[in-house]
Amino acid sequence: MIFDQTTMLVRNGAVKNDFGSVSIINLFSSIDNPLPKTDKTNTSFVMRECDNADVIIVAYGRSTSFEEEKKAFLNALTEHYNDKLHTIIDSKGLMFSHPLSPFAHQWNIQKLDLKR
């Protein structure tokens with residue numbers, strides 16, 4: 001199997017944190033468009049994977065792109081899965097780190113305490 005760097009880092013982080021399995025899902029179904037959009041099919045898939053997960057790690061990075069979409073997505077996750085939500089804290093102590101961030105290569109997973 002060939003893994004891209006994100007998949008490899010997620011897999012390695014999952015092994016180091018004693019996860020039995022991992023599903024990598026994306027907020028957007030395609031990044032080929034200049035303005036990626038969420039769609040019902042992708043959202044349905046994301047929610048189904050979240051239903052089956054014991055732990056959900058939100059790690060979309062801290063880019064300022066697509067803030068409205070990320071906020072809506074996080075609100076939906078909080079409404080349905082608040083008790084399962086976690087994030088990656090990077091070596092600077094910042095939340096929502098993407099696994100590709102060089103400061104997040106040593107995973108520190110923290111429970112999200114978000115209000116509904």
Do [X] and [Y] make a side-chain contact, defined as non-hydrogen atoms from C-beta onward lying under 4.5 Å apart?
{"X": "Leu100", "Y": "Gln5", "value": "yes"}
{"X": "Tyr81", "Y": "Asp51", "value": "yes"}
{"X": "Ile109", "Y": "Phe19", "value": "yes"}
{"X": "Val15", "Y": "Arg11", "value": "yes"}
{"X": "Phe96", "Y": "Leu112", "value": "yes"}
{"X": "Ile88", "Y": "Ile57", "value": "yes"}

Would you say the side chains of [X] and [Y] form a donor-acceptor pair under 3.5 Å?
{"X": "Asp4", "Y": "Thr7", "result": "yes"}
{"X": "Tyr60", "Y": "Asn26", "result": "no"}
{"X": "Ser23", "Y": "Glu49", "result": "yes"}

Of all the heavy-atom pairs spanning [X] and [Y], show the shortest one and how long it is.
{"X": "His98", "Y": "Ala104", "answer": "O-CB, 3.6 Å"}
{"X": "Thr87", "Y": "Ser97", "answer": "OG1-N, 4.4 Å"}
{"X": "Lys111", "Y": "Asn82", "answer": "NZ-O, 3.0 Å"}
{"X": "Ile56", "Y": "Ala53", "answer": "CG1-CB, 4.1 Å"}

message: Could you go through Val46 and Leu27, starting from their C-alpha distance and side-chain angles, then the distance that decides it, and tell me whether this counts as side chain to side chain contact (heavy atoms under 4.5 Å, CB included)?
response: CA-CA 8 Å; Val46 168; Leu27 172 59; over 6 Å; no
field: Single-linkage hydrophobic cluster, 4.5 Å side-chain cutoff, Met95 and Phe66 together
entry: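 Yes, Met95 and Phe66 fall within the same hydrophobic cluster.
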query: Going only through I, L, V, M, F, W and Y residues with side-chain contacts under 4.5 Å, is there a path from Ile25 to Leu85?
result: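 Yes, Ile25 connects to Leu85 through the hydrophobic network.
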query: Is it true that a side-chain atom of Asp90 and a backbone atom of Lys92 form a donor plus acceptor pair closer than 3.5 Å?
result: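 Side chain of Asp90 to backbone of Lys92: a pair is present.
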Glu67/Lys70 salt bridge by N-O under 4.0 Å criterion: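 Looking at Glu67 together with Lys70, the answer is yes, because their closest N to O distance falls below 4.0 Å.
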field: Nearest-0.5 Å distance that lies between atom NZ in Lys84 and atom SG in Cys50
entry: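 Nearest 0.5 Å value for the NZ-SG distance: 7.5 Å.
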- prompt: For Gln110 and His86, what are the C-alpha separation, side-chain angles and deciding distance, and is it a side chain to side chain contact (heavy atoms under 4.5 Å, CB included)?
  reply: CA-CA 5 Å; Gln110 178 177 312; His86 294 71; over 6 Å; no
